[in-house]
Amino acid sequence: MKVAVTGSNGLIGFALVTSLVGDGHEVRRLVRRTPSAPGEVRWDPAARTIDLDGLAGVDAVVHLAGAGVGDKRWTTTYKQEIRNSRVDGTATIAKAIAALDPKPRVLLAGSAIGYYGDTGDHEVDESAPNGDGFFAEVVRDWEKAARPAQDAGVRTVHLRTGVVMADTGGSLGGKVSALGVPVSVLGLFKAGIGGPLGSGKQWVSWISLTDQIAAMRFLLDDDAVSGPVNLTAPRPVRNKEWVRAIGHALHRPAVVPVPAFALRGVIGEFADEGPLVSQKVLPRRLEQAGFTFTHTDIDSALAVELG
């Protein structure tokens with residue numbers, strides 16, 4: 001299978017490319033610079049341009065590129081970058097796919113459970129409506145931008161991904177800008193100052209990196225699945241349980257609480273749509289399609305991903 005991938009240097013993209021190449025598939029990496037290695041294809045999402053010849057003959061496209069949501073403080077300028085990087089990039093990919101002949105079989109388009117906003121204690125699946133807030137609006141427009149590929153008859157799957165458990169990048173190893181200083185969740189725990197965020201009662205809908213990649217490989221092959229699919233483990237946990245499990249996996253205490261007001265003071269608006277938001281999201285469509293999770297409880301996931 002020939003697969004084109006954007007965001008191949010990110011946490012999920014790198015792991016996916018490694019998995020595909022390891023199984024003998026051909027991967028074409030979309031890059032914003034002048035291609036310098038075999039299999040690289042030039043594109044410029046800001047200008048909405050792409051080298052169509054480089055996509056000729058691909059069987060699938062996986063679009064994961066986008067500015068990091070928690071990489072910087074949410075200024076007006078950075079919020080616009082978050083939105084533009086997703087909407088412009090997806091529109092560029094979708095229109096390119098629609099122009100190809102022959103067209104790829106499938107587009108897996110990056111998305112997020114941020115679509116649902118804060119769900120409180122309510123369980124939600126893919127049938128739930130769009131929620132409120134900046135990122136919920138971004139995800140709505142992000143998914144709409146893929147419409148040209150869908151209208152051209154290409155099976156389109158929106159990967160509504162939860163909190164990915166991994167030792168580098170993502171929600172654990174990734175850096176969150178705090179007053180201009182990069183801070184990682186794992187870094188705090190390793191320093192012995194990890195603990196519940198806010199009340200600790202908010203729900204965290206997580207997925208192991210192992211299952212994230214396995215689910216994407218499953219969706220590449222299952223021609224019956226299209227539309228939004230939640231990539232979350234079937235057993236979401238409270239934030240206090242999540243941090244306890246991280247501490248246990250790292251053999252570090254997880255008892256230093258971080259009050260909501262302090263978190264807002266350090267990372268700003270992102271606090272209320274990131275670590276303080278409550279999202280109890282279930283992977284209904286994945287399970288109905290027959291996907292089997294390797295990690296259904298947080299302790300086993302972290303034992304492997306942080307092991």
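Source: prediction; values computed, not measured.
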Could you check whether atom [atom1] of [X] has more than 12 heavy atoms from other residues, nucleotides or ligands sitting under 6.0 Å from it?
{"X": "Asp141", "atom1": "CG", "value": "yes"}
{"X": "His25", "atom1": "NE2", "value": "yes"}
{"X": "Phe134", "atom1": "CZ", "value": "yes"}
{"X": "Asp297", "atom1": "CG", "value": "yes"}

Donor-acceptor contacts under 3.5 Å from residues 96-110 side chains, at least two apart:
{"unit_1": "Lys103", "atom_1": "NZ", "unit_2": "Ala98", "atom_2": "O", "d": "3.4"}
{"unit_1": "Lys103", "atom_1": "NZ", "unit_2": "Leu100", "atom_2": "O", "d": "3.1"}
{"unit_1": "Arg105", "atom_1": "NH1", "unit_2": "Asp223", "atom_2": "OD1", "d": "3.0"}

### Task
Let me see the working for Asn230 and Arg284 under side chain to side chain contact (heavy atoms under 4.5 Å, CB included), right down to the final yes or no.
CA-CA 7 Å; Asn230 294 333; Arg284 195 83 68 196; 6.0 Å; no
Lys/Arg N to Asp/Glu carboxylate O, [X] vs [Y], below 4.0 Å:
{"X": "Asp53", "Y": "Arg42", "value": "no"}
{"X": "Asp125", "Y": "Arg160", "value": "no"}
{"X": "Glu123", "Y": "Lys280", "value": "yes"}

### Message
Check for me, please, whether Val5 and Val164 land in the same ILVMFWY cluster - side-chain distances under 4.5 Å, paths through other members count.
### Response
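Shared cluster, yes.
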### Query
Shared ILVMFWY cluster between Ile267 and Val277, side chains joined below 4.5 angstrom?
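Different clusters.
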Do the side chain of [X] and the main chain of [Y] share a donor and acceptor less than 3.5 angstrom apart?
{"X": "Glu81", "Y": "Lys79", "answer": "no"}
{"X": "Glu273", "Y": "Gly114", "answer": "no"}
{"X": "Asp59", "Y": "Lys2", "answer": "yes"}
{"X": "Glu40", "Y": "Val31", "answer": "no"}
{"X": "Arg86", "Y": "Ala67", "answer": "yes"}
{"X": "Ser226", "Y": "Thr156", "answer": "no"}

Rounded distance [0.5 Å steps], [atom1] in [X] versus [atom2] in [Y]:
{"X": "Ser111", "Y": "Leu231", "atom1": "OG", "atom2": "CG", "answer": "10.0 Å"}
{"X": "Leu276", "Y": "Asn239", "atom1": "CG", "atom2": "CG", "answer": "8.0 Å"}
{"X": "Glu143", "Y": "Gln150", "atom1": "CD", "atom2": "CD", "answer": "10.0 Å"}

### Query
Hey, are His63 and Thr6 close enough side-chain-wise for a donor-acceptor pair under 3.5 Å?
yes
### Message
Is the shortest side-chain heavy-atom distance between Pro283 and Phe293 below 4.5 Å?
### Response
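Yes - at least one pair of side-chain heavy atoms lies under 4.5 Å apart.
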### Message
Counting C-beta onward and ignoring hydrogens, is there a side-chain heavy-atom pair between Ile12 and Met216 closer than 4.5 Å?
### Response
yes
### Query
Is there a salt bridge (Lys or Arg N to Asp or Glu O under 4.0 Å) between Arg155 and Asp222 once you walk through the steps?
CA-CA 10 Å; Arg155 179 170 68 91; Asp222 192 332; over 6 Å; no
